[in-house]
Amino acid sequence: MEKSYDVIVAGAGIAGSLAAAAASKGGAKVLLIDRNVPTEAGKKTNWGWVCGDAVAKSHIDYIKENLGVNFAEPELEVKVDGVYALSPDFKNKIVFDGEGYVLDRPKFGNKLRDIAIKYGAEYVTGHEVEGPILEGSKITGVFGRDDKKEQYKVSAKIVIDTLGVASMIRRRLPTQAHEFIQKDISIDDIESTGRYIVDFDPDHEDLNYYDPKNCIIHLNQQLAPGGYGWVFPKRGNKMNVGLGVEKHSIDIRNQKMGKKDTLHTLIDQYIQWNPVIKNMRMNNEHNNAKGYWSVTVRRQLDCLVYNNYLGAGDSMAMPNPISAGGIGPAMVAGVQSGQVAAQAVQEGRTDMEYLWKYNLMFNESYGNKTAGLEVFRIYLQSLNNDLINYGMAHFLTKEEAIQISYGLVPEVSMASAVTKVLHGLGNITAFKNLVYVVSAMKRLNKLYANYPKDIKDFKPWRAAVDKEIAEAKQRFKPNPI
């Protein structure tokens with residue numbers, strides 16, 4: 001490892017490896033630095049690559065188009081027709097996301113690392129990044145401990161932060177930076193998730209519980225309070241099965257039901273609840289069988305850049321607020337952050353004003369709908385199973401539900417409530433709340449359609465976004481039971 005680079009990418013996960021590849025392809029001298037051993041690129045924790053492993057085909061295509069690489073087996077483990085969410089009573093489902101893949105996550109991570117190396121990035125492992133090197137309002141590199149536990153420092157013109165949700169670079173940015181980039185993420189905007197990779201013998205066929213051609217999401221506030229369960233097929237009789245829960249929701253659920261369940265016990269109960277799973281065995285290939293992790297379910301951080309600094313992936317809270325899917329946005333942001341970093345080095349402009357274009361790029365390609373989805377997620381967490389069943393059956397058409405799942409806003413108004421009441425709609429309050437949510441989604445989508453092109457317009461814009469989110473949180477409290 002040399003002492004100075006054009007770009008340091010901290011963390012060799014999905015966003016980091018792609019950022020390093022894109023920056024190297026753009027001509028920058030890049031250091032990709034990771035704490036793991038060389039064969040475990042981007043491993044999140046001792047539990048492994050804790051993830052649902054699913055990604056839309058469109059995001060794989062995005063990488064092909066921008067980096068000129070192809071993917072196939074074994075990293076693309078299974079092709080799926082799509083993802084669908086089932087109501088608690090199984091009577092209604094929402095189909096969304098279209099074609100995609102369930103990944104062999106360790107092999108996919110190593111493939112992305114190899115792409116970065118192919119384009120010229122230097123890959124250094126066993127190095128923990130503990131924070132940024134600061135010179136006034138500039139970030140001039142990173143420091144940490146190497147594989148011998150000795151302190152190191154390395155400098156760069158730009159640092160790309162892909163360390164994850166608890167990033168020590170983001171949290172140790174200058175005070176002025178935290179006027180733009182949130183230092184911490186509220187526990188209200190985090191799901192505790194866990195998943196098992198298992199082999200099993202199918203007891204019988206039931207597509208409500210396991211579908212070898214689709215990814216299933218179970219909406220059920222008793223099984224997964226404030227979140228959902230998932231069953232994603234892998235090669236052969238193997239699956240990725242898990243769930244996510246929200247802290248306040250599980251506390252309320254336990255109190256009302258007289259339970260003391262934790263995320264761990266709920267996952268075990270979820271698997272026992274599934275009648276298709278017979279003779280379950282942990283599949284511990286890559287030491288990746290069982291794992292737990294925290295995932296953000298809010299819009300991406302309002303600003304993604306500062307002087308000499310860009311962030312991508314979980315470091316910037318990029319997972320989808322509804323599905324908690326983080327692979328797709330991490331892929332898009334990784335490529336874009338690397339491209340902008342390389343351009344900035346070439347232009348000799350690493351200041352915040354120049355890097356601001358990355359905010360606009362990510363907003364246009366992915367982030368402009370996420371604030372609306374965040375409000376819808378807050379609303380969903382206020383509904384119990386009966387209301388979810390009733391709402392999926394009566395509140396929205398399947399087409400409208402699909403629109404919302406993509407962050408689009410259907411025309412749902414109180415005028416349509418009259419017709420629904422005449423046809424026997426039982427819960428007008430819940431429908432009124434849905435109308436409010438759709439209106440809030442429209443307002444937020446309009447705000448993001450006008451994301452500030454100039455830094456001086458950022459703070460009033462963010463105040464308007466914060467006001468909408470705060471009002472939604474005040475109106476809709478977790479109420480799983």
Enquirer: Answer yes when Asp261 and Arg253 have at least one side-chain N-carboxylate O distance shorter than 4.0 Å, and no when they do not.
Expert: yes

Enquirer: Checking Asn237 against Asp199: is there a side-chain donor and acceptor pair closer than 3.5 Å?
Expert: no

Enquirer: Judged by atom type as modelled, is there a donor-acceptor pair below 3.5 Å linking the side chain of Asp146 to the main-chain atoms of His127?
Expert: no

Enquirer: Apply side chain to side chain contact (heavy atoms under 4.5 Å, CB included) to residues Tyr196 and Met239 and explain how you reach the verdict.
Expert: CA-CA 8 Å; Tyr196 298 169; Met239 67 169 67; over 6 Å; no

Enquirer: Is there a donor-acceptor pair closer than 3.5 Å between any side-chain N or O of Glu246 and the backbone N or O of Ser249?
Expert: yes

Enquirer: Rounded to the nearest 0.5 Å, how far apart are CG of Asp188 and CD1 of Ile469?
Expert: 12.5 Å

Enquirer: Hey, mind stepping through Arg113 and Tyr123 against side chain to side chain contact (heavy atoms under 4.5 Å, CB included) and telling me if it holds?
Expert: CA-CA 8 Å; Arg113 172 210 61 204; Tyr123 178 52; 3.2 Å; yes

Enquirer: Does Ile63 reach the side chain of Val69, with side-chain heavy atoms less than 4.5 Å apart?
Expert: yes

Enquirer: Calculate, to the nearest 0.5 Å, the distance between atoms OG and CG belonging to Ser87 and Asn92 respectively.
Expert: 5.0 Å

Enquirer: Do Ile160 and Tyr309 make a side-chain contact, defined as non-hydrogen atoms from C-beta onward lying under 4.5 Å apart?
Expert: no

Enquirer: With sequence neighbours left out, write down each residue that passes side chain to side chain donor-acceptor pair (under 3.5 Å) with Ser192, or none if nothing qualifies.
Expert: none

Enquirer: Would you say that Ile8 contacts Leu32 through its side chain, given a criterion of any heavy-atom pair below 4.5 Å between the two side chains?
Expert: no

Enquirer: More than 12 heavy atoms of other residues, nucleotides or ligands under 6.0 Å from NZ of Lys477: is that the case?
Expert: yes

Enquirer: For residues Asn36 and Asp34, is any side-chain donor paired with an opposing acceptor at under 3.5 Å?
Expert: yes

Enquirer: Look at Asp53 together with Lys234 and state whether they make a salt bridge at an N to O cut-off of under 4.0 Å.
Expert: yes

Enquirer: Which residue pairs pass the salt bridge (charged side-chain N to carboxylate O under 4.0 Å, His left out) test when at least one of the two sits in residues 265-284, sequence neighbours left out?
Expert: Asp201-Arg281

Enquirer: Would you say that more than 12 heavy atoms from the other residues, nucleotides or ligands in this model lie under 6.0 Å from the CG of Asp184, or not?
Expert: yes

Enquirer: For atom CD of Glu205, decide whether the heavy atoms of other residues, nucleotides or ligands shown that lie under 6.0 angstrom number more than 12.
Expert: no

Enquirer: If only atom types and distance count, is the side chain of Lys256 paired as donor or acceptor with the main-chain N or O of Ile481 below 3.5 Å?
Expert: yes

Enquirer: Restricting to side-chain contact (heavy atoms from CB on, under 4.5 Å), what partner residues turn up for Met361, sequence neighbours left out?
Expert: Gln336, Gln339, Val340

Enquirer: On a heavy-atom basis, which atom in Ala312 and which in Ala333 lie closest, and how many Å separate them?
Expert: CB-CB, 3.8 Å

Enquirer: For residues Ala116 and Ser24, report the shortest heavy-atom separation together with the two atoms involved.
Expert: O-OG, 4.4 Å

Enquirer: Between Thr162 and Ala10 (side chain of the first, backbone of the second, donor and acceptor by atom type, cut-off under 3.5 Å), is there such a pair?
Expert: yes

Enquirer: Can a salt bridge be assigned to the pair Arg145 and Glu150 using a cut-off of 4.0 Å between side-chain N and carboxylate O?
Expert: no

Enquirer: Any luck finding a side-chain donor-acceptor pair between Arg475 and Asn433 under 3.5 Å?
Expert: yes

Enquirer: Keeping the roles fixed (side chain from Asn240, backbone from Gly52), state whether a donor-acceptor pair exists under 3.5 Å.
Expert: yes

Enquirer: Can you check whether Leu243 reaches Leu263 side chain to side chain, under 4.5 Å on heavy atoms?
Expert: yes

Enquirer: Looking at every non-hydrogen atom in both residues, tell me the closest pair between Arg172 and Glu130 and how far apart they are.
Expert: NH1-O, 2.7 Å

Enquirer: Go through the structure and list residues passing side chain to side chain donor-acceptor pair (under 3.5 Å) with Asp466, not counting sequence neighbours.
Expert: Arg299

Enquirer: Judged by atom type as modelled, is there a donor-acceptor pair below 3.5 Å linking the side chain of Asn66 to the main-chain atoms of Tyr62?
Expert: yes

Enquirer: How far apart are the C-alpha atoms of Met331 and Ile60, what are their side-chain angles, what is the distance that settles it, and do they pass the side chain to side chain contact (heavy atoms under 4.5 Å, CB included) test?
Expert: CA-CA 8 Å; Met331 293 172 80; Ile60 296 293; 3.9 Å; yes

Enquirer: Stepwise, does the side chain to side chain contact (heavy atoms under 4.5 Å, CB included) test hold for Val7 with Val9?
Expert: CA-CA 6 Å; Val7 178; Val9 181; 4.1 Å; yes

Enquirer: Hey, could you give me the OG/CD1 distance between Ser294 and Ile190, rounded to the nearest 0.5 Å?
Expert: 5.5 Å

Enquirer: How far does CD1 of Ile252 sit from NZ of Lys247, to the nearest 0.5 angstrom?
Expert: 10.0 Å

Enquirer: If I compare all heavy atoms of Gln221 with all of Gly227, which pair ends up nearest, and what's the gap?
Expert: OE1-N, 4.2 Å

Enquirer: Classify the side-chain pair Ser382/Asn479 by whether it contains a donor and acceptor separated by less than 3.5 Å.
Expert: no

Enquirer: Does CD belonging to Glu364 count more than 12 external heavy atoms closer than 6.0 Å?
Expert: no

Enquirer: Can you tell me how far apart CG (Leu163) and CZ (Arg171) are? Round to the nearest 0.5 Å.
Expert: 11.5 Å

Enquirer: Strictly below 4.0 Å, N to O, side chains only: are Asp114 and Lys118 in salt-bridge contact?
Expert: no

Enquirer: I want to know whether Phe71 and Phe108 have ring centres closer than 6.0 Å.
Expert: yes

Enquirer: State, with a plain yes or no, whether a side-chain heavy atom of Leu207 is found less than 4.5 Å away from one of Phe90.
Expert: no

Enquirer: Does the side chain of Trp293 reach to within under 4.5 Å of the side chain of Cys51, using non-hydrogen atoms?
Expert: no

Enquirer: Sequence neighbours excluded, which residues qualify as side chain to side chain donor-acceptor pair (under 3.5 Å) partners of Tyr5?
Expert: Glu122

Enquirer: Minimum heavy-atom separation for Val332 to Ser365, with atom names?
Expert: CG1-OG, 3.5 Å

Enquirer: Go through the structure and list residues passing side chain to side chain donor-acceptor pair (under 3.5 Å) with Tyr358, not counting sequence neighbours.
Expert: none

Enquirer: Please check if the side chain of Asn363 supplies one atom and the backbone of Tyr448 the other of a donor-acceptor pair under 3.5 Å.
Expert: yes

Enquirer: Is it possible for you to check whether Lys57 lies under 6.0 Å from the centre of the six-membered ring of Tyr101, through NZ or CZ, and within 45° of that ring's axis?
Expert: no

Enquirer: Taking the side chain as every heavy atom from C-beta outward, state whether Ile181 and Leu304 have any pair of such atoms under 4.5 Å apart.
Expert: no

Enquirer: Closer than 3.5 angstrom, by distance alone: can the side chain of Ser337 be matched with the main-chain N or O of Gly334 as a donor-acceptor pair?
Expert: yes

Enquirer: Could you give me the CA-CA distance, side-chain angles and deciding distance for Asp189 and Arg377, then say whether salt bridge (Lys or Arg N to Asp or Glu O under 4.0 Å) is met?
Expert: CA-CA 10 Å; Asp189 297 326; Arg377 183 267 299 173; 3.1 Å; yes

Enquirer: According to the interplanar angle, ranging from 0 to 90°, do the rings of His218 and Tyr270 count as parallel (below 30°), tilted (30 to 60°) or perpendicular (above 60°)?
Expert: perpendicular

Enquirer: Check this for me, if you would: do Glu77 and Lys238 make a salt bridge, where the nitrogen-to-carboxylate-oxygen distance has to be below 4.0 angstrom?
Expert: yes

Enquirer: Can you find a pair of side-chain heavy atoms, one from Val231 and one from Asn274, that are under 4.5 Å apart?
Expert: yes

Enquirer: Roughly how far, to the nearest 0.5 Å, is the OH atom of Tyr84 from the NZ atom of Lys93?
Expert: 5.0 Å

Enquirer: Is there a donor-acceptor contact under 3.5 Å from the side chain of Ser17 to the main chain of Gly13?
Expert: yes

Enquirer: Check for a donor-acceptor pair, side chain of Asp89 on one end and backbone N or O of Asn389 on the other, with a separation under 3.5 Å.
Expert: no

